[in-house]
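Encoded as structure tokens, the structure appears first; notes follow it.
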Amino acid sequence: MQLQFIGCGDALGSGGRSNTCFHVKGHSVNFLIDCGASALPALRRFGVARDAVDLILITHFHGDHFGGLPFLLLDAQFTRRTRPLVIAGPMGIETRLAQVMEALFEHSSKTRQRFELSVVAVSLKKRRNFGSVKVTPVSVVHGESGGPFLAYRIEAEGRVIAYSADTEWTETLIPAARGADLFIAEAYYYDKIVKNHLSLKTLEARLPEISAKRLILTHMSDDMLGRLHSLPYVTANDGMIVEL
Ligand SMILES: [Zn+2]
Ligand SMILES: [Zn+2]
């Protein structure tokens, strides 16, 4: 199984990076984690077969994690997709998806697709199976609007991938990422403590408790991007592939 960072940027285009979208592909699984506004051109740039993706997991409703869905669905329609697609995310996703589709491509939320589209709201802490992908959503802390906010612990093909999504430090990240084969964590600032986002120094202090086998930092601001060469951690870049 492999995970490719299709986009690992923030909402502000820091470092010229694409918005958040990760592609996981294995023998029996093919899914995206988040689908930021720039996801479709980025998927095309990296040659990802969009019609082979059968699940998209959304962490929250900010445009840099969710705003790519109308483009992906339009692409699916125009490329005559037939394979069923599941889009899963926080409570309210059915309404939020229809709203963003109508805002960007009027009437598109009512288009009859040739493929079966299921939009599913997931429940907190309840593990749910999507085919052979087992997903446990946990609540994280990322402000007042654009939520509910979820991190995910994802089990597939005998591996565990945890993704913090956007969040300030919260204790729920420990069970979400404990012992994971890969923990993808937001590190927005180096040591500045702000609301709603995680700084590397805060995360670093808790890493022993999380004890993930591998850590990759993502969603970095210019503050972090300016320090990349001096950090003792692996940092994501657009297009990077991780074997799991
Ligand atoms: Zn974000
Ligand atoms: Zn966000």
Side-chain angles (χ1 to χ4, degrees), residues 3-24 32-43 56-72 87-93 95-97 99-100 103-104 121-122 124 137-154 161-170 172-173 176-177 182-190 192-200 202-203 215-226 228 233 235-240:
L3 179 145
Q4 183 171 29
F5 289 88
I6 304 301
C8 62
D10 61 2
L12 307 177
S14 300
R17 295 172 171 220
S18 292
N19 298 149
T20 297
C21 180
F22 314 143
H23 179 224
V24 181
L32 299 181
I33 303 170
D34 274 342
C35 186
S38 56
L40 179 59
L43 286 162
I56 304 175
L57 296 171
I58 298 292
T59 60
H60 63 293
F61 302 128
H62 286 157
D64 59 316
H65 297 256
F66 172 67
L69 287 175
F71 301 94
L72 231 72
I87 299 174
M91 286 299 207
I93 189 167
T95 311
R96 298 300 291 258
L97 179 57
Q99 286 169 344
V100 73
L104 298 191
V122 294
L124 281 179
V138 304
S139 182
V140 292
V141 182
H142 185 47
E144 303 298 322
S145 59
F149 305 102
L150 303 178
Y152 285 114
R153 183 179 179 91
I154 302 161
I161 300 166
Y163 172 42
S164 68
D166 291 359
T167 182
E168 60 188 62
W169 174 258
T170 168
T172 56
L173 289 176
L182 172 62
F183 177 30
I184 303 169
E186 173 184 39
Y188 201 59
Y189 289 109
Y190 179 66
K192 189 165 127 189
I193 309 291
V194 296
K195 277 179 79 66
N196 307 332
H197 287 285
L198 196 51
S199 77
L200 177 59
T202 306
L203 173 68
L215 169 73
I216 300 183
L217 305 178
T218 189
H219 204 278
M220 291 172 282
S221 67
D222 286 332
D223 166 52
M224 277 291 288
L225 294 172
L228 284 188
Y233 297 101
T235 55
N237 52 70
D238 291 1
M240 175 181 177

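Order of appearance sets the numbers: ligands from 1, and atoms from 1 within every ligand. Because the structure is predicted, anything quoted here is derived from the model rather than measured.
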### Task
Begin with the C-alpha distance, continue with both residues' side-chain angles, and end with the deciding distance and a verdict on side chain to side chain contact (heavy atoms under 4.5 Å, CB included) for L72 and I87.
CA-CA 11 Å; L72 231 72; I87 299 174; over 6 Å; no
### Query
Do you know which N/O/S atom name in D64 is closest to the Zn ion (ligand 1)?
OD2
### Message
Looking only at N, O or S atoms in H62, which is nearest to the Zn ion (ligand 2)?
### Response
ND1
### Task
Check whether the ring centres of Y163 and Y152 lie less than 6.0 Å apart, and answer yes or no.
no
#### Entry: Positive for side-chain hydrogen bond (donor to acceptor under 3.5 Å, both in side chains) with H219, one of N19, D10, D64, D34
D64
### 4.5 Å side-chain heavy-atom contact, D166 and T59
no
### Task
Using the Zn ion (ligand 1) as the apex, give the angle to atoms NE2 (H219) and OD2 (D166), rounded to 10 degrees.
100°
